[in-house]
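In what follows, a structure is listed as structure tokens, so that the remarks can point back to it.
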Number of protein chains: 2
Amino acid sequence: MNTRFAVATHILTFLAYQAGEPATSELIASSVNTNPTFIRRLLTQLAKAGLSTSQLGAGGGALLARAPRDISLLDVYRAIDEEQQVFAIHEAPNPNCPVGRSIDVVLKGRMMDAERALQAQLATTTIADLAADIAKRNKAG
Amino acid sequence: MNTRFAVATHILTFLAYQAGEPATSELIASSVNTNPTFIRRLLTQLAKAGLSTSQLGAGGGALLARAPRDISLLDVYRAIDEEQQVFAIHEAPNPNCPVGRSIDVVLKGRMMDAERALQAQLATTTIADLAADIAKRNKAG
DNA sequence: ACATATGTAACCATTTTGGATACATATAAC
DNA sequence: GTTATATGTATCCAAAATGGTTACATATGT
């Protein structure tokens with residue numbers, strides 16, 4: 001998969017650490033080690049999903065739109081991965097073959113089962129959990 | 001994701017339908033609607049994973065190496081997806097940032113939880129299940 | 001006004017993906 | 001043993017995805 005989900009999660013965790021202080025795309029980019037445009041593109045998607053907001057102008061930047069404990073990794077996944085599925089099928093199998101005729105429908109069902117299991121697990125973790133894990137790790141390490 | 005997992009599953013289900021009769025890469029390709037080389041590349045991976053075998057020469061082709069009920073979608077997933085993970089992280093975050101320093105380790109753990117949930121679900125379906133679903137669907141439809 | 005920061009478009013290089021051709025090797029059939 | 005068949009693999013290619021870069025119109029705080 002691409003790294004957008006990971007970077008989006010990084011962004012939100014960073015914002016949680018900011019504790020209400022707006023963060024510019026440049027500041028976030030320096031934490032992620034990428035460029036501000038990439039961050040702004042993701043922030044736009046996160047804002048559309050209701051996970052972040054942005055303040056224009058001097059002293060502005062991105063903020064969480066909700067409490068970290070109310071943002072799950074599933075929320076992030078849904079905000080970023082527009083396709084909403086890790087599996088892809090091969091288009092247009094042979095309709096004259098017994099297998100080709102039905103494989104797509106049958107396989108899609110099983111793929112969706114796996115996708116649901118993945119998403120259910122993602123729902124069990126919040127940005128607050130990640131922030132706590134990081135705080136503990138930095139204190140210990 | 002790419003379509004290799006779906007095509008590999010199609011191949012194995014096709015072989016299950018062949019009931020012991022060898023299938024050439026060309027025949028399989030016509031069912032999948034792709035080219036024989038792509039099929040052979042996947043068959044090589046499936047054979048390395050112990051899921052299929054191949055017979056050279058006239059009348060040859062690919063065969064299942066195990067009973068369809070003994071091949072799970074997790075077996076296919078592991079045979080095909082060498083990376084074994086749907087999630088990717090962004091490399092080299094800023095070590096001087098509290099979040100950048102620890103996000104990778106922490107997030108990787110949660111990603112692996114989700115990956116495990118996905119794989120556990122894949123393990124519940126076998127090629128025999130898919131073949132049965134297809135047979136039922138073709139009879140009904 | 002002026003500096004700052006977003007949102008978005010445009011362009012680019014790299015990688016991934018799947019398709020196409022080619023061919024050495026191995027096997028079956030005769 | 002010769003011939004037809006089929007694999008396994010290398011090579012090349014075009015299209016798409018991915019993330020980086022520049023640019024700039026718009027909005028906001030000072």
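Lettering follows sequence order; numbering is per chain, from 1. Since we're looking at a predicted model, the values are computed, not measured.
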Kindly list each side-chain donor-acceptor pair under 3.5 angstrom involving residues 124-132 of chain B, sequence neighbours excluded, with atom names and distances?
from	atom 1	to	atom 2	distance (Å)
B:T124	OG1	B:Q121	O	2.6
B:T124	OG1	B:Q121	NE2	3.2
B:T125	OG1	A:R110	NH1	3.1
B:T126	OG1	B:A128	N	3.2
B:T126	OG1	B:D129	N	3.1
B:T126	OG1	B:D129	OD2	3.3
B:D129	OD2	B:T126	N	2.9

Does A:T44 contact C:dT6 through a side-chain donor or acceptor facing the base, at a distance under 3.5 Å?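 No, no donor-acceptor pair under 3.5 Å.
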Can you tell me how far [atom2] of [N] sits from [atom1] of [X], to the nearest Å?
X	N	atom1	atom2	result
A:Q45	C:dT8	CD	C1'	13 Å
B:L42	D:dT7	CG	C1'	14 Å
A:N35	C:dC12	CG	C1'	13 Å
A:L63	D:dG29	CG	P	12 Å
A:E26	D:dT21	CD	C1'	14 Å
A:L43	C:dG7	CG	C1'	11 Å
B:I89	D:dT18	CD1	P	17 Å
A:N33	D:dG20	CG	C1'	12 Å

For [N], does either OP1 or OP2 sit under 4.0 Å from a side-chain N or O belonging to [X]?
X	N	result
B:S25	D:dA6	no
B:T34	C:dG19	yes
A:R41	D:dG19	no
B:S54	D:dA6	no
A:R40	C:dT8	no

Pairing of A:R116 and A:D113 as salt bridge, 4.0 angstrom limit |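 Yes, A:R116 and A:D113 are salt-bridged.
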Using a 4.0 Å heavy-atom cut-off across all strands, classify [X] as base, sugar-phosphate, or nothing.
X	value
A:A23	sugar-phosphate
A:N2	sugar-phosphate
B:T37	base

>> For the backbone of A:N33 and the side chain of B:H90, can you confirm whether one donor and one acceptor N or O come within less than 3.5 Å of each other?
In response: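 At least one qualifying donor-acceptor pair exists.
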Query - A:R4 side chain, from C-beta outward: closest of C:dT6, D:dT18, D:dG20 - result: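 Of the candidates, D:dT18 comes closest.
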**Among C:dA5, C:dT27, D:dG19, the one nearest B:L56 by side-chain distance** =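 Of the candidates, C:dT27 comes closest.
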Between the side chains of A:N94 and B:S31, does any donor sit under 3.5 Å from an acceptor?
->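 No, because no side-chain N or O of A:N94 sits under 3.5 Å from a partner of the opposite role on B:S31.
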(Q) Assuming nearest nucleotide by heavy-atom distance, tell me which of A:A58 and B:G60 is located more 5' along DNA chain D. (A)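 Closer to the 5' end of DNA chain D: B:G60.
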What are the two closest non-hydrogen atoms of A:G100 and B:H10, and how far apart are they?
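For A:G100 and B:H10, the tightest heavy-atom pair comes out as CA-CE1, 3.8 Å.
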